[in-house]
There are 2 protein chains.
Amino acid sequence: MRQQTLEALKDKGFRLTKIRKLIIDVFFSNADAPISAPELRTHLLALDVKANKTTIYRELDFLSAQGIIVEINAGDGKKRYELDRFGHHHHILCLRCSAVECVAIEDCALEEQLSRVDLKNFKVTGHALNFFGICAGCSPCTEC
Amino acid sequence: MRQQTLEALKDKGFRLTKIRKLIIDVFFSNADAPISAPELRTHLLALDVKANKTTIYRELDFLSAQGIIVEINAGDGKKRYELDRFGHHHHILCLRCSAVECVAIEDCALEEQLSRVDLKNFKVTGHALNFFGICAGCSPCTEC
DNA sequence: TTGACAAATGCAACCCCGTTGCAATACAAT
DNA sequence: ATTGTATTGCAACGGGGTTGCATTTGTCAA
């Protein structure tokens, strides 16, 4: 999957630079946790790669344009990105540590119901459903 | 309603300054369109009142703390505020002009369904459902 | 009406996320 | 090895938002 992604880019005439490959790696190894630009930069630093923030933003735009990742909005005003290989789903944001996870809505008729909402003459192109709360890591203590 | 709001503030020992009264006016006269801090500033300028942006942000915090307005997230990363006198509802954002409107979800079982979603050990405290699209004003032409 | 005190405001400086123009670098094909 | 262009870095900027501190202004009591 990762290898196919790289080859597809190369076939289209784009270069497989060190940073680009590493960024793709980060996405493949954090598949269910959307990543923001600053977070991505930190991930790279942990791999001893310091990338200019401009590069990060441009690469995220590039990978989005190539359909490899998609921008998601988790409700806290920061853009995050995740691999574009999952179906439509939603997200949950930890209000304490800002971690975001994907939430699959399995069996429910939510999507269908949404189509019946009165949307005030808007041409609706999409929606986002975000949950907020405290993640398991941030509330380990049952009595508090 | 507006008058009651002002008196309630005064009873609590807060001052009814020119800017504060005008801001409250803006909220009451734009009741179904959540407003951001920069937008609010523009509204005031249109009334020949130039308020420092710090004042705007502090006043929004203040009115939120007093339960007069609530912060909402429309999915574009900018904080907006609206009067806290409506029940739970959602929002729709115009991707072209960034206007936001409230969307009432009348009869559906959405809320109930949400409670059955698998939320990965999060303690869920809330959710936000945002729609995206193009508003009537931004797509007046039916053939394009 | 006038003080006087606290609430509210303005100002300047700062932080963070994100963007843009332009020069420098590095990939990949020849 | 050379070359053309994709990519990167740098510097500067912009918007949204915050903080500390000095100044102004509501309000109330004398």
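So that the names make sense, note that chain A is the first sequence line, chain B the second, and so on, each numbered from 1. Heavy-atom basis, side chains included; hydrogens, waters and symmetry copies ignored.
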> When the distance from CD of A/Glu59 to C1' of C/dC17 is rounded to whole Å, what number comes out?
Replying inline: 18 Å
> With ring centroids as reference points, do A/His91 and B/His127 lie under 6.0 angstrom apart?
Replying inline: no
> Of A/Lys50 and B/Asn52, whose nearest nucleotide on DNA chain D comes first from the 5' end?
Replying inline: A/Lys50
> Over how many whole Å does the gap from A/Lys10 atom NZ to D/dA6 atom C1' extend?
Replying inline: 14 Å
>> If you assign each of B/Phe14 and B/Pro38 to its closest nucleotide in DNA chain D, which residue comes earlier from the 5' end?
In response: B/Pro38
> C/dC16 C1' sits how many Å from A/Leu40 CG, rounded?
Replying inline: 17 Å
> Does the side chain of B/Ile24 reach to within under 4.5 Å of the side chain of B/Leu22, using non-hydrogen atoms?
Replying inline: no
> Quick one: is C/dT19 close enough that its OP1 or OP2 comes under 4.0 Å of any side-chain N or O from A/Lys79?
Replying inline: yes
>> Here's one to test your reading of the geometry: is the NZ or CZ of B/Arg85 within 45 degrees of the ring axis of B/Phe27 and under 6.0 Å from its centre?
In response: no
> Whole Å only: how far is the CD atom of B/Glu39 from the C1' atom of D/dG16?
Replying inline: 12 Å
>> A side-chain contact here means heavy atoms from C-beta on lying under 4.5 Å apart; do B/Phe122 and A/Cys94 qualify?
In response: yes
>> Just the rounded figure in Å: distance from P of D/dA6 to CG of A/Leu9.
In response: 14 Å
> When the distance from CD of B/Glu71 to C1' of D/dG16 is rounded to whole Å, what number comes out?
Replying inline: 13 Å
> Within the structure, does a side-chain N or O atom of A/Thr54 lie under 4.0 Å from either OP1 or OP2 of C/dG18?
Replying inline: no
> Picking from D/dG17, D/dA6, C/dA7, which would you name as closest to the side chain of B/Arg15?
Replying inline: C/dA7
>> I want to verify a distance call: between D/dT8, D/dT7, C/dG10, whose nearest atom is closest to the A/Arg58 side chain?
In response: D/dT8
> Given atom CG of A/Leu6 and atom P of C/dC27, what is their separation to the nearest angstrom?
Replying inline: 14 Å
> Is any side-chain nitrogen or oxygen of A/Thr55 closer than 4.0 Å to OP1 or OP2 of D/dT7?
Replying inline: no
> So, is B/Arg20 near the phosphate of C/dA8, with a side-chain N or O under 4.0 Å from OP1 or OP2?
Replying inline: yes
> Rounding to a whole Å, what distance do you find between A/Asp11:CG and C/dA29:C1'?
Replying inline: 15 Å
> Counting side-chain heavy atoms from CB outward, which of D/dC28, D/dT7, D/dG17 is closest to B/Ala37?
Replying inline: D/dG17
>> Please compare A/Tyr57 and A/Leu16 by the position of their nearest nucleotide in DNA chain C and report the one closer to 5'.
In response: A/Tyr57
>> Nearest heavy atom decides the nucleotide; on that basis, is A/Lys53 or A/Lys18 closer to the 5' end of DNA chain C?
In response: A/Lys53
> Do A/Glu59 and A/Arg20 meet the salt-bridge criterion of a basic N to acidic O distance under 4.0 Å?
Replying inline: yes
